[in-house]
Colleague: 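A single structure is presented below for examination.
The figures that follow rest on heavy atoms only: side chains count, while hydrogens, waters and symmetry mates do not. Letters A, B, ... are given to chains in the order of the sequence lines, protein chains preceding strands, and every chain is numbered from 1. Nothing here was measured: the structure is a model prediction, and the numbers come from that model.
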2 protein chains.
Amino acid sequence: MTEQNHLLEEVLQEDKSLTDKQRQILIAATEMFAEKGFAATSTNEIAKKAGVAEGTIFRHYKTKKELLLSIVTPMMVKMLGPIIIKDMNKVLDKEYEHFEDFLRAMIKNRKEFLEKNLKVVQIFLQEIPFHQELREQFIEHVGKKVLNRFVQIIEHYQQKGQIVNIPATTIIRLTASTIMGHFATKYVIGAKWNDDEEINQMITFLMKGLAPEE
Amino acid sequence: MTEQNHLLEEVLQEDKSLTDKQRQILIAATEMFAEKGFAATSTNEIAKKAGVAEGTIFRHYKTKKELLLSIVTPMMVKMLGPIIIKDMNKVLDKEYEHFEDFLRAMIKNRKEFLEKNLKVVQIFLQEIPFHQELREQFIEHVGKKVLNRFVQIIEHYQQKGQIVNIPATTIIRLTASTIMGHFATKYVIGAKWNDDEEINQMITFLMKGLAPEE
DNA sequence: AATGAAAGTGAGTAATCACTCACTATTAAA
DNA sequence: TTTAATAGTGAGTGATTACTCACTTTCATT
């Protein structure tokens with residue numbers, strides 16, 4: 001728990017208005033939703049696991065779905081912070097002269113986020129096919145803003161002549177697929193490998209694949 | 001239906017022992033499972049949509065889960081056919097002299113499979129986190145056999161000096177991530193693009209990224 | 001110590017769940 | 001045409017579902 005749900009813990013501790021029982025409910029729900037899925041988890045089970053009466057859940061959350069959203073929404077909001085506000089501005093003009101350095105920093109950044117929020121990310125990925133609210137929230141909070149920023153960054157490195165001149169969205173897709181494939185292999189399939197080495201090979205592959213035409 | 005569920009239709013038509021009502025049940029269940037998920041779909045709903053009494057479902061499938069498996073299992077078995085039996089032997093020695101041609105053929109082949117079985121693939125991806133049987137079936141039927149074959153193919157092209165000399169599994173991961181990312185963008189996010197052009201850019205990217213060191 | 005608001009409770013609710021079973025309808029072989 | 005097997009039915013099962021509500025406990029403020 002401690003190492004896998006930083007974001008949840010942050011929400012739990014930051015919000016001093018939460019009671020202990022409320023925290024327990026959120027912890028229990030997160031674990032059950034991740035394990036069995038939203039639809040297959042009953043409020044009864046959550047209450048038992050949290051050591052709480054079933055009524056207590058509904059005192060704080062009008063519906064079971066509201067409980068789900070209260071777990072997943074903060075994740076999407078907080079995803080913006082590290083990407084947009086901090087990293088991006090650093091990246092765009094100053095810190096990373098080479099696209100490769102940007103790539104490395106980005107991969108490290110996302111890796112840390114993932115490792116600190118495994119279960120909530122898992123719930124998000126599992127439930128997004130079934131809940132339109134989740135899809136809409138994601139597009140609104142993350143999708144457009146982040147995509148636009150990325151386009152800017154890619155075009156920046158294209159102008160510097162460091163990467164090939166194809167549409168920025170294509171480059172983003174190719175890069176994101178490769179990185180997400182790396183994480184999927186690691187966390188879904190559970191591959192055991194030398195992480196640094198695999199990341200290096202991934203970056204080499206990306207840099208070669210996206211190198212400018214000669 | 002006709003264009004999206006070839007595999008299902010094949011199973012339905014090939015198996016002459018199936019009655020019309022059984023076919024209706026499988027069609028209705030496939031659509032509901034894809035739309036709402038397994039856990040959130042009731043047998044009552046399936047029966048109504050199929051125009052059948054609820055008891056009829058349980059005459060043929062002992063449990064609701066057995067119904068799910070009867071839809072998803074044939075998909076995994078059939079996935080092997082085109083990859084292993086036909087393409088692979090062709091590919092290994094004769095038909096595709098260049099890795100690029102193999103890639104092209106593979107992408108085309110998987111694209112056709114996907115387009116013909118969209119809903120069943122969707123159900124499979126949605127439910128695999130929650131059902132151990134599905135995971136075990138997948139590893140048994142698809143995982144090991146296909147992976148081994150792919151390793152052979154990659155090493156074949158490595159020996160010919162056409163692709164870089166890093167572990168075959170890494171190459172497979174990088175390639176598969178790129179291709180799956182392409183399909184995910186198309187079918188999940190619903191991107192509208194020039195398909196042939198995007199595939200060409202993807203192949204160029206892969207060939208450059210996997211080119212041998214000089 | 002008194003007070004009011006918020007937190008917590010758990011028995012209770014109607015609805016829905018997957019599944020059963022005694023029965024009827026259909027079919028194909030004898 | 002009889003017969004036996006299979007397909008199909010739908011009312012009925014107890015269990016479980018998300019959620020409610022009248023009530024009690026906790027706690028900060030006066």
Side-chain angles (χ1 to χ4, degrees), chain A residues 11-72 123 126-127 130-134, chain B residues 11-72 123 126-127 130-134:
Chain A
V11 170
L12 297 188
Q13 285 169 3
E14 265 181 16
D15 194 339
K16 303 289 183 190
S17 71
L18 292 178
T19 64
D20 281 347
K21 304 243 166 185
Q22 284 185 63
R23 283 180 247 267
Q24 300 273 37
I25 290 168
L26 289 168
I27 292 169
T30 302
E31 266 166 42
M32 304 287 305
F33 287 163
E35 190 184 321
K36 305 177 56 182
F38 171 77
T41 302
S42 71
T43 49
N44 182 341
E45 287 174 293
I46 296 170
K48 271 184 187 158
K49 182 153 193 165
V52 149
E54 210 173 337
T56 309
I57 294 176
F58 292 97
R59 164 122 350 238
H60 300 290
Y61 307 95
K62 268 180 278 183
T63 62
K64 189 181 149 194
K65 193 161 210 164
E66 203 178 286
L67 174 58
L68 171 69
L69 293 177
S70 83
I71 290 171
V72 176
I123 294 175
Q126 283 170 2
E127 298 304 329
F130 309 127
H131 308 275
Q132 210 196 329
E133 307 95 312
L134 279 185
Chain B
V11 170
L12 298 186
Q13 284 169 2
E14 266 181 13
D15 193 340
K16 302 289 182 191
S17 71
L18 292 178
T19 64
D20 281 347
K21 304 243 166 185
Q22 285 184 64
R23 284 181 246 269
Q24 299 272 39
I25 290 168
L26 288 169
I27 292 169
T30 302
E31 266 167 42
M32 302 289 302
F33 287 163
E35 191 183 320
K36 307 177 54 180
F38 171 77
T41 301
S42 70
T43 49
N44 182 341
E45 288 175 292
I46 296 170
K48 271 184 186 157
K49 181 153 193 166
V52 150
E54 210 174 337
T56 309
I57 295 176
F58 291 96
R59 163 121 351 238
H60 300 289
Y61 307 97
K62 266 180 279 183
T63 62
K64 189 180 149 193
K65 193 160 209 163
E66 203 178 287
L67 174 59
L68 171 70
L69 293 177
S70 82
I71 290 170
V72 176
I123 294 174
Q126 283 170 0
E127 299 303 329
F130 309 127
H131 308 276
Q132 210 197 330
E133 308 95 311
L134 280 185

Colleague: A/K21 side chain N/O closer than 4.0 Å to the phosphate oxygens (OP1, OP2) of C/dA7?
Modeller: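 So the side-chain polar atoms of A/K21 never come under 4.0 Å of the phosphate oxygens OP1 or OP2 of C/dA7.
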Colleague: Base, sugar-phosphate alone, or nothing: which one does B/T56 contact when heavy atoms must sit under 4.0 Å apart?
Modeller: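 Base: the residue B/T56, judged by heavy atoms under 4.0 Å, touches a nucleobase.
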Colleague: Could you tell me if the side chain of B/L67 sits less than 4.5 Å from the side chain of B/I46, heavy atoms only?
Modeller: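 Contact flag for B/I46/B/L67 side chains = yes.
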Colleague: Looking only at non-hydrogen atoms, find the nearest pair between A/A53 and A/A47 and report the distance.
Modeller: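 Scanning both residues completely, I find the closest heavy atoms to be C-CB, 4.1 Å.
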Colleague: Walk me through whether A/E127 and A/L134 qualify under side-chain contact (heavy atoms from CB on, under 4.5 Å).
Modeller: CA-CA 8 Å; A/E127 298 304 329; A/L134 279 185; 3.9 Å; yes
Colleague: Of the nucleotides D/dA18, D/dG8, D/dG10, which has the atom closest to the B/Q22 side chain?
Modeller: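 Among the listed nucleotides, the one closest to the side chain of B/Q22 is D/dG8.
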Colleague: B/F38: which residues meet the ring pair (Phe, Tyr, Trp, His ring centres under 6.0 Å) condition with it, sequence neighbours left out?
Modeller: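 Applying ring pair (Phe, Tyr, Trp, His ring centres under 6.0 Å) to B/F38 gives B/F33, B/H131.
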Colleague: Tell me the closest heavy-atom pair linking B/G51 and B/K21, and the distance in Å.
Modeller: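 Here B/G51 and B/K21 meet closest at O-NZ, 3.9 Å.
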Colleague: In whole angstroms, how far is the C1' atom of C/dT16 from the NZ atom of B/K64?
Modeller: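 Going from B/K64 (NZ) to C/dT16 (C1'), I get 12 Å.
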Colleague: Reading nucleotides 20-25 of chain D from the 5' end, what letters show protein touch, with B for base, S for backbone sugar-phosphate only, - for no heavy atom under 4.0 Å?
Modeller: B-B---
Colleague: May I ask you to test the A/L68-A/K64 pair for a side-chain heavy-atom distance under 4.5 Å?
Modeller: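 They are not in contact (no side-chain heavy atoms under 4.5 Å apart), so the answer is no.
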Colleague: Identify the two heavy atoms, one from B/H60 and one from B/T56, that lie closest to each other, and give their separation to 0.1 Å.
Modeller: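 Scanning both residues completely, I find the closest heavy atoms to be CD2-O, 3.1 Å.
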Colleague: Output the rounded distance in Å from CG (B/L26) to P (D/dA7).
Modeller: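 From B/L26 CG to D/dA7 P: 14 Å.
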Colleague: Starting from C1' on C/dG8, measure out to CD1 on A/I25 and report it in whole angstrom.
Modeller: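 After rounding, the reported distance stands at 9 Å.
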Colleague: How long is the line joining CG of A/L18 and C1' of D/dC27, in whole Å?
Modeller: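 The answer, rounded to whole Å, is 17 Å.
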Colleague: Take the protein atom CD1 of B/I57 and the nucleotide atom P of D/dA7, then report the distance between them rounded to whole Å.
Modeller: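 In whole Å, D/dA7 P and B/I57 CD1 are 15 Å from each other.
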Colleague: If you look at every heavy atom in A/F58 and A/T43, which pair is closest and at what distance?
Modeller: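 Result for this residue pair: CZ-CG2, 3.6 Å.
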Colleague: Provide, to the nearest angstrom, the distance between the NZ atom belonging to A/K65 and the P atom belonging to D/dT17.
Modeller: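 Distance check: A/K65 NZ to D/dT17 P gives 18 Å.
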Colleague: Using a 4.0 Å cut-off on heavy atoms, which residues in residues 34-50 of chain B reach DNA chain D? List them by number, or say none.
Modeller: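 Heavy-atom cutoff 4.0 Å gives no residues at all.
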Colleague: In whole angstroms, how far is the P atom of D/dA18 from the NE2 atom of A/H60?
Modeller: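 My rounded result for the distance is 18 Å.
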Colleague: Which atoms form the tightest heavy-atom contact between A/Y61 and A/S70, and what is the distance?
Modeller: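 The pair with the smallest heavy-atom distance is CE2-OG, 3.5 Å.
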Colleague: Between C1' on D/dT26 and CG on A/D20, what's the gap in Å once rounded to a whole number?
Modeller: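 The distance from CG of A/D20 to C1' of D/dT26 comes to 13 Å, rounded to the nearest Å.
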